[in-house]
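Here the structure comes first, spelled out in structure tokens, and everything after it is commentary.
Lettering follows sequence order; numbering is per chain, from 1.
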Amino acid sequence: MKGNVIKYERDNIDTDVIIPGQYLKVHDYAELATHAMEGLDPDFHSKVKEGDFILSGKNFGCGSSREHAPIALSHSGVKAVLALSFARIFYRNSVDGAFLLPIEIEEDAYNGISEGDEIDIDISKNEIKNLTKNQTYKMKPFSEIIGKIIDAGGLFNYKP
Amino acid sequence: MNIVEKILARASGKSQVAPDDVVFAKVDKVMVHDVSGPGVIKVFDKLKNKGVDVSKLWDPTKVWVAEDHFVPSAEKISAENIVKLSNFTKNYGIEKHFKYGMGQYGICHTLSHEEAMVMPGDVYVGGDSHTNTTGALGAFACGLGHTDIAYVLLNGQIWFKVPETDYFKLNGKLPDHVMAKDLILKIIGDIGTDGGNYRTMQFGGTGIDEMSVESRLTLCNMTTEAGAKNGIVEADQKVVDYLSSRGATNAKVFKGDDDAQYANVYEYEASEMEPLVAKPFSPENVAIVREAPSVELDKSYIGSCTGAKYEDLEAAAKILKGKTVKIRTEILPASISIYKRAMENGLLTIFLDAGVTVGPPTCGACCGAHMGVLAKNEICISTTNRNFPGRMGHVESETYLSSPMVAAASAVTGKITDPRDL
């Protein structure tokens, strides 16, 4: 899975900035996408491209349980969020709803990957290749249940 | 096993579970509101298009519905969401739908205890992150997204990784003017907004035994701000009495085993606690009120599932009695039942005499949606739970989180004020 990186070098990106509360009444996925990251980066919607990845620090997606958050990112074209850690509901919503891949990374990937770098994520090898800088990093493997739900294509396709 | 492990073992049909086990737990109660409800309806529509049978819920008697985030409707799309929700409950035979403008209604987490919707030992899931609140009744109460809630509505169960439990022990009774809100802010300040991530935060000790059920609800409510999967207090006789006073006669004391294990134990001395605030822009950005910045406030807000229970209003009334507010102040009781008691016991008169505007129950301004959002550069002190950028309005507004007593004292002076100094 190849794509370019949009990097937010900060921790605790919360769901109130990913999709502000005033849009919770909206359930049209395409419209939600137009407001993605509005609380932090008003230019996000104009710069994001299909297949992009977001890279960020600790506790990505903290705050409310709004599924609007992974929906807004996913329908903006974001295929994966790479972060040092994730808040639990964002992580769960991303996987169970099959919206995007939440990929936990280590400091080397966080520091090594820059805005605009092209990277290639290989889940079968738990590996991230930085094609721009010719570097390779490890991603933390998914737990067994998460891996199975991702493989199934979301919770509704998963047979326990 | 501790209380959470006992609940998840029972719900998954196992004799024993341990942290990191993955279980499919049977759900006892599920809640959706006017944000997560339409979200779930959208998931149902997608499933229907894929040929999945969504004609029946697993058990409509275990489902209840609240209208709280966007009532009263400020614009058409919110009004339409309420209509969608009403059609949904009608079509699926859900009888417990607390409707705005029709008697008892309010914030979902407040109804969970005011209406005794959840019992000790239950697995309770809700389409809202502050579902953690209800763990104060001795239930495993956990917030989920739309897809997961849709799955529960159709299947009656959901997967959980059994969490590790951290035990927060309060020794002694909190001093006057120090509230449960101050304790939970202190804890979040200590462990950080990811300090409870994926974990259970359990509260106990003599200080918790002494504490009212409503104060325990405040503690569990903000475990969400530490990222916790759930917050919980073992159900003692106080919880049983609280629930039976609200018509639930089948509640029973429910606790963990004597040899329960905890990953970490944190101890707090009640006598050392002081009124606190969380400064912008994070609930972990905690300061002692007497050392807080001397900012000119524009607004005081006493509302939400965190800070507008009856006890919270009573605490605010103690401070506001005979005083006049210096800044824009809004008090929104969290449910109609609380509103009514506040009226019967004279609290509303105290508020109105002080110059406060009393509004209807709603999540409105807490999540920056409507009913009193903040303008650019405005500064608010609030009994709510989050102060991220833009949370209560303009992205360049600021919110200080506090107890109802601090919010009321600050309303009187226009500055962040320790109620002991008023």
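- Nearest heavy atom pair, residue A:G21 against residue B:A369, reads O-CB, 4.4 Å.
- Pairing each heavy atom of A:S143 with each of B:K161, the nearest pair is CB-NZ, 3.9 Å.
- With a 4.5 angstrom heavy-atom cutoff, A:I146 touches chain B only via side-chain atoms.
- Only the side chain of A:I145 comes within contact range of chain B, with at least one heavy atom under 4.5 Å from a heavy atom of that chain.
- Your options are B:I41, B:D34, B:D20, B:D128, and the one with the most heavy-atom pairs under 4.5 Å with chain A is B:D128.
- Looking at B:K46, the atoms closer than 4.5 Å to chain A (heavy atoms on both sides) all sit in the side chain, from C-beta outward.
- For the pair A:D16 (side chain) and B:R391 (backbone), a donor-acceptor distance under 3.5 Å is absent.
- Side-chain contact between B:Y151 and A:D96 is absent, with no heavy atoms from C-beta onward closer than 4.5 Å.
- A cation-pi arrangement is absent between A:R92 and B:Y198, since the terminal nitrogen or guanidinium carbon is not both under 6.0 Å from the aromatic centre and inside a 45° cone about the axis.
- Using a 4.5 Å cut-off between heavy atoms, A:I149 contacts chain B through its side chain alone, with no backbone atom that close.
- Proximity to chain B (any heavy atom under 4.5 Å) is restricted, for A:I89, to the side chain, taken from C-beta onward.
- Comparing B:S282, B:S129, B:G368, B:G39 by heavy-atom pairs within less than 4.5 Å of chain A, the highest count is held by B:S129.
- Classified by interplanar angle (parallel below 30°, tilted 30° to 60°, perpendicular above 60°), the ring pair B:H146/A:H68 is perpendicular.
- For a residue to count as touching a neighbouring chain, one of its non-hydrogen atoms must lie under 4.5 Å from one of that chain's; by this rule B:S36 does not touch chain A.
- Interface remark: B:A150 contributes backbone and side-chain atoms alike to the contact with chain A (heavy atom separation under 4.5 Å).
- When heavy atoms are compared at a cutoff of 4.5 Å, B:L47 approaches chain A solely by way of its side chain, counted from C-beta outward.
- Within the 4.5 angstrom heavy-atom criterion, no atom of B:C366 approaches chain A.
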